[in-house]
Number of protein chains: 2
Amino acid sequence: MFSIGELSRRTGVKIPTIRYYEQMGLIAAPDRTEGNQRRYSKDGLKRLSFIRHSRELGFSIDEIRELLDLSAHPEQPCNDAHQMAARRLADVQRRISRLQRLERELERISACDAHTIADCAVIETLADHSLCETEH
Amino acid sequence: MFSIGELSRRTGVKIPTIRYYEQMGLIAAPDRTEGNQRRYSKDGLKRLSFIRHSRELGFSIDEIRELLDLSAHPEQPCNDAHQMAARRLADVQRRISRLQRLERELERISACDAHTIADCAVIETLADHSLCETEH
DNA sequence: TCTTGAAGCTATAGTCGCTAGAGAGATTAT
DNA sequence: ATAATCTCTCTAGCGACTATAGCTTCAAGA
Ligand SMILES: [Zn+2]
Ligand SMILES: [Zn+2]
Ligand SMILES: [Zn+2]
Ligand SMILES: [Zn+2]
């Protein structure tokens with residue numbers, strides 16, 4: 001049985017975040033001591049680790065709720081899980097390409113060799129998107 | 001003189017967002033008609049376009065405030081603007097590499113060829129980060 | 001056993017950058 | 001004149017936390 005602080009240390013999830021997850025119904029309300037403090041089991045630790053890892057991979061709270069439901073039914077087919085991973089992947093790829101376009105523009109404007117604002121490529125570009133090479 | 005709706009159409013910034021920017025002090029409160037409706041000038045249009053483009057390139061509201069201040073002083077040196085662009089670029093690059101690590105992991109787990117949750121690589125990986133190839 | 005300091009409790013509000021809705025008043029076109 | 005569309009203010013909500021205040025409980029050392 002761990003206190004919330006120990007659970008936090010073991011999972012890397014901050015204490016207020018653990019309480020927030022409890023409120024959101026992602027983790028069950030754990031048993032309490034006589035003095036009303038939360039005490040977690042190994043299962044609680046596993047569940048929170050699953051949540052943390054899913055968050056790190058970019059799943060939303062709602063998606064994690066679904067993933068937790070899936071993982072509780074080992075005999076079920078895993079198509080749904082595959083679909084969710086595929087959606088996540090597609091989203092990550094969209095973001096990457098958007099950021100890469102930004103990267104190109106920022107590199108371009110960072111190459112400004114003017115000395116005053118009046119001629120600065122950074123300021124000029126911000127004022128006029130048609131100076132950009134790509135859409136964003 | 002444009003109404004807020006016309007300003008919105010011309011800049012692509014939604015009406016509530018324009019009012020929000022006014023409240024945040026990014027744009028000055030414009031003149032009003034007798035009936036209390038906002039009327040914008042060409043200058044207002046320019047300023048909002050600058051803001052929109054800066055947002056698209058990823059600058060925060062606070063950074064945009066600084067950039068607008070800079071652009072109002074054409075005779076000043078532009079080092080500050082360069083520094084801000086460089087910080088933005090570095091941040092974009094950090095995000096890209098983080099997303100690329102996620103992309104690799106998501107591609108890996110999406111290659112699951114199991115049929116049930118019990119053996120599904122997606123669920124297994126979420127439960128255990130040590131199955132990952134990279135940090136994230 | 002007592003004391004002290006760390007840890008935990010609840011409840012509320014704040015973060016960022018918007019976005020949505022209600023209910024009223026203004027403007028424009030026919 | 002009337003109807004359709006716009007605009008007004010104000011308030012609340014989004015997601016995923018994070019911070020603060022004021023209190024109570026726990027655990028370890030004297
Ligand atoms: Zn410059
Ligand atoms: Zn641009
Ligand atoms: Zn699978
Ligand atoms: Zn991992």
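Naming: A, B, ... by sequence-line order, numbering from 1 per chain.
- One can place CD of B:Q23 at 14 Å from P of C:dC16, the figure rounded to the nearest angstrom.
- Distances shorter than 4.0 Å separate some side-chain N or O of A:S3 from OP1 or OP2 on C:dG8.
- Contacts between residues 6-22 of chain A and DNA chain C, counted as heavy-atom distances below 4.0 Å, involve A:I15, A:R19.
- Within the structure, ring-ring contact (aromatic ring centres under 6.0 Å, His included) contacts touching residues 46-68 of chain A (residues at least two apart or in different chains) are A:H53-B:H129, A:H53-B:H136.
- Residues A:M24 and A:L7 are members of one and the same hydrophobic cluster, defined by side-chain heavy-atom contacts under 4.5 angstrom among Ile, Leu, Val, Met, Phe, Trp and Tyr.
- Among residues two or more places apart in sequence or in another chain, the side-chain hydrogen bond (donor to acceptor under 3.5 Å, both in side chains) test is passed with A:E6 by A:R10.
- Under the 4.5 Å side-chain criterion, counting only non-hydrogen atoms from C-beta, B:E107 is in contact with A:Q93.
- D:dG15 atom P lies 13 Å from atom CG of A:L26, rounded to whole Å.
- Of the residues listed (A:R101, A:E105, A:R104), the one engaging A:T134 in a side-chain hydrogen bond (donor to acceptor under 3.5 Å, both in side chains) is A:E105, and it is the only one.
- Nearest approach of B:A121 to B:C112, heavy atoms of both residues: N-SG, 3.4 Å.
- Across the protein-nucleic acid pair, A:I4 atom CD1 and C:dA7 atom P stand 13 Å apart, rounded to whole Å.
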| said: Could you walk me through whether A:L48 and A:Y40 satisfy the side-chain contact (heavy atoms from CB on, under 4.5 Å) test, starting with their C-alpha distance in whole Å, then the side-chain angles of each, then the deciding distance to 0.1 Å, before giving a yes or no? | reply: CA-CA 10 Å; A:L48 188 57; A:Y40 295 91; over 6 Å; no

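- Less than 4.0 Å separates DNA chain C from at least one heavy atom of each of the following residues of residues 33-57 of chain A: A:N36, A:Q37, A:R38.
- The distance from atom CZ of B:R38 to atom CD1 of B:I18, rounded to the nearest 0.5 Å, is 9.0 Å.
- The nearest whole Å value for the distance from the CZ atom in B:F2 to the P atom in C:dT28 is 15 Å.
- Of the two residues contacting DNA chain D, namely A:F59 and B:R32, the nearest-nucleotide position lying further toward the 5' end is that of B:R32.
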Produce the list of close N/O pairs, under 3.5 Å, pairing protein atoms with atoms of nucleotides 2-4 of chain C; give distances to one decimal.
none

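- Rounded to an integer number of Å, the gap from CE of B:M24 to C1' of C:dC16 is 10 Å.
- Listed by first then second residue, pairs satisfying side chain to side chain donor-acceptor pair (under 3.5 Å) with a partner in residues 64-90 of chain B read B:D62-B:R65, B:R88-B:D91, not counting sequence neighbours.
- If you take OG1 on B:T11 and CD1 on B:I51, they are separated by 9.5 Å, rounding to the nearest 0.5 Å.
- The CD1 atom of B:I27 sits 12 Å away from the P atom of C:dC18 (whole-angstrom rounding).
- Looking at B:I15 and B:S8, their side chains come closer than 4.5 Å, going by heavy atoms from C-beta outward.
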